[in-house]
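Below: the structure, in structure tokens.
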2 protein chains.
Amino acid sequence: MKNRIKELRAKKDLTQDQLAEKLEVSRQTIISLERERYNPSIILAFKLAQIFNCKIEDIFIYEEEK
Amino acid sequence: MKNRIKELRAKKDLTQDQLAEKLEVSRQTIISLERERYNPSIILAFKLAQIFNCKIEDIFIYEEEK
DNA sequence: ACTTTAAGTAAAGCTAACTTTACATTAAGT
DNA sequence: ACTTAATGTAAAGTTAGCTTTACTTAAAGT
């Protein structure tokens, strides 16, 4: 699943480390998400939407890929 | 995390079994989700939103609970 | 009474999400 | 040249989402 995390994070001028702290996850998790190595839990998705002040659908692009 | 799956499923007049098939998951998964025993993956959340024709935020209520 | 359908529990197993640690690379500052 | 900050890789470990199988319960139909 594609996502705009890197882009949105840059817009907020946050480092991966800072974003990780806000989300209460490890930096590795941010890296892996941005690199689209795996999909987030729905809880992480909600937290991201909260931080970026938008909808989950604005961050993640679901394309039926499974 | 709270959700309205049972309610929305009833509105669509689907059994747990039928919903499970549409989502390509097991019936156990539907039961566990409706009973709020665990949170879905973001992919399942997207699929549910697709089937119920609404936003993820209309199905799941995020309350900061962790 | 018997059968069927829908919803439920329980428990063992698999896999993907997430953590932790350690090390590498590149760019910028001094 | 050296240091620091930010991003990245790799690999081993834990946990939570999901599967599978087997059995239970309650309601509805015949």
Side-chain angles (χ1 to χ4, degrees):
Chain A
M1 163 138 42
K2 305 220 163 169
N3 72 67
R4 299 174 50 219
I5 298 178
K6 187 164 193 165
E7 176 194 343
L8 293 166
R9 175 173 65 79
K11 205 180 270 182
K12 279 256 176 184
D13 213 22
L14 292 168
T15 66
Q16 292 177 336
D17 222 10
Q18 291 168 334
L19 181 56
E21 262 197 32
K22 285 195 177 225
L23 292 167
E24 298 176 288
V25 296
S26 68
R27 187 171 63 92
Q28 256 316 310
T29 295
I30 304 300
I31 291 174
S32 297
L33 285 178
E34 291 191 354
R35 303 248 122 192
E36 289 167 357
R37 290 206 208 283
Y38 53 69
N39 301 308
S41 64
I42 196 179
I43 292 184
L44 239 193
F46 265 107
K47 285 186 180 179
L48 280 161
Q50 195 176 262
I51 287 173
F52 292 143
N53 203 34
C54 64
K55 304 237 168 201
I56 289 176
E57 287 87 351
D58 298 326
I59 307 177
F60 297 94
I61 297 111
Y62 177 59
E63 284 160 316
E64 225 94 353
E65 356 81 330
K66 252 186 203 236
Chain B
M1 163 139 43
K2 305 220 163 170
N3 71 68
R4 296 175 51 219
I5 298 178
K6 187 164 193 165
E7 175 194 344
L8 293 167
R9 175 174 64 80
K11 206 180 269 182
K12 280 256 178 186
D13 214 23
L14 293 169
T15 65
Q16 293 178 336
D17 222 10
Q18 291 168 333
L19 180 57
E21 261 197 34
K22 285 196 177 225
L23 292 167
E24 299 177 285
V25 296
S26 69
R27 188 170 62 92
Q28 255 317 308
T29 296
I30 304 300
I31 292 173
S32 296
L33 285 178
E34 291 191 353
R35 303 248 122 193
E36 290 167 358
R37 289 206 208 283
Y38 53 69
N39 302 308
S41 65
I42 196 180
I43 291 184
L44 239 194
F46 266 107
K47 285 187 180 179
L48 279 160
Q50 196 175 262
I51 287 173
F52 292 144
N53 203 34
C54 64
K55 304 236 165 203
I56 289 176
E57 287 88 350
D58 298 325
I59 307 177
F60 298 93
I61 298 110
Y62 177 60
E63 282 159 318
E64 225 94 355
E65 355 82 328
K66 254 184 203 236

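All chains are named by letter (A, B, ...) in the order of the sequence lines, taking the proteins before the strands, and each is independently numbered beginning at 1.
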Is the shortest side-chain heavy-atom distance between [X] and [Y] below 4.5 Å?
X	Y	result
B/Leu48	B/Phe60	yes
B/Tyr38	B/Thr29	yes
B/Leu19	B/Ile5	yes

Whole Å only: how far is the [atom1] atom of [X] from the [atom2] atom of [N]?
X	N	atom1	atom2	answer
A/Glu21	C/dT19	CD	P	13 Å
B/Glu36	C/dA7	CD	C1'	16 Å
A/Leu33	D/dT7	CG	C1'	15 Å
B/Gln16	D/dT19	CD	P	14 Å
A/Leu19	D/dT7	CG	P	10 Å
A/Asp17	C/dT19	CG	P	13 Å
A/Glu34	D/dT9	CD	P	11 Å
B/Ile31	D/dT25	CD1	P	15 Å

Give a yes/no on whether any side-chain N or O of [X] is located under 4.0 angstrom from OP1 or OP2 of [N].
X	N	value
A/Gln28	C/dT20	no
B/Thr29	D/dC18	no
A/Asn39	C/dA17	yes
B/Lys6	C/dG8	yes

ask   = Between the side chain of B/Asn39 and the main-chain N/O of A/Ser41, is any donor-acceptor distance below 3.5 Å?
value = no

Under 3.5 Å donor-acceptor, B/Arg27 side chain and B/Ala20 backbone = no

task = Determine the contact category for A/Arg27: base if any of its heavy atoms lies under 4.0 Å from a base atom, sugar-phosphate if only primed atoms, P, OP1 or OP2 are that close, otherwise nothing.
result = base

request  = Check every strand shown and say whether B/Ser41 touches a base, only sugar-phosphate, or nothing at a heavy-atom separation below 4.0 Å.
outcome  = sugar-phosphate

A/Gln18 or B/Ile30, whichever maps to the more 5' nucleotide of DNA chain D = A/Gln18

ask   = Which nucleotide in the list C/dG8, D/dG8, C/dA7 gets nearest to the side chain of B/Arg37?
value = C/dG8

inquiry  = Counting only side-chain heavy atoms from C-beta out, which of C/dG8, D/dT19, C/dC18 sits nearest to B/Tyr38?
reply    = D/dT19

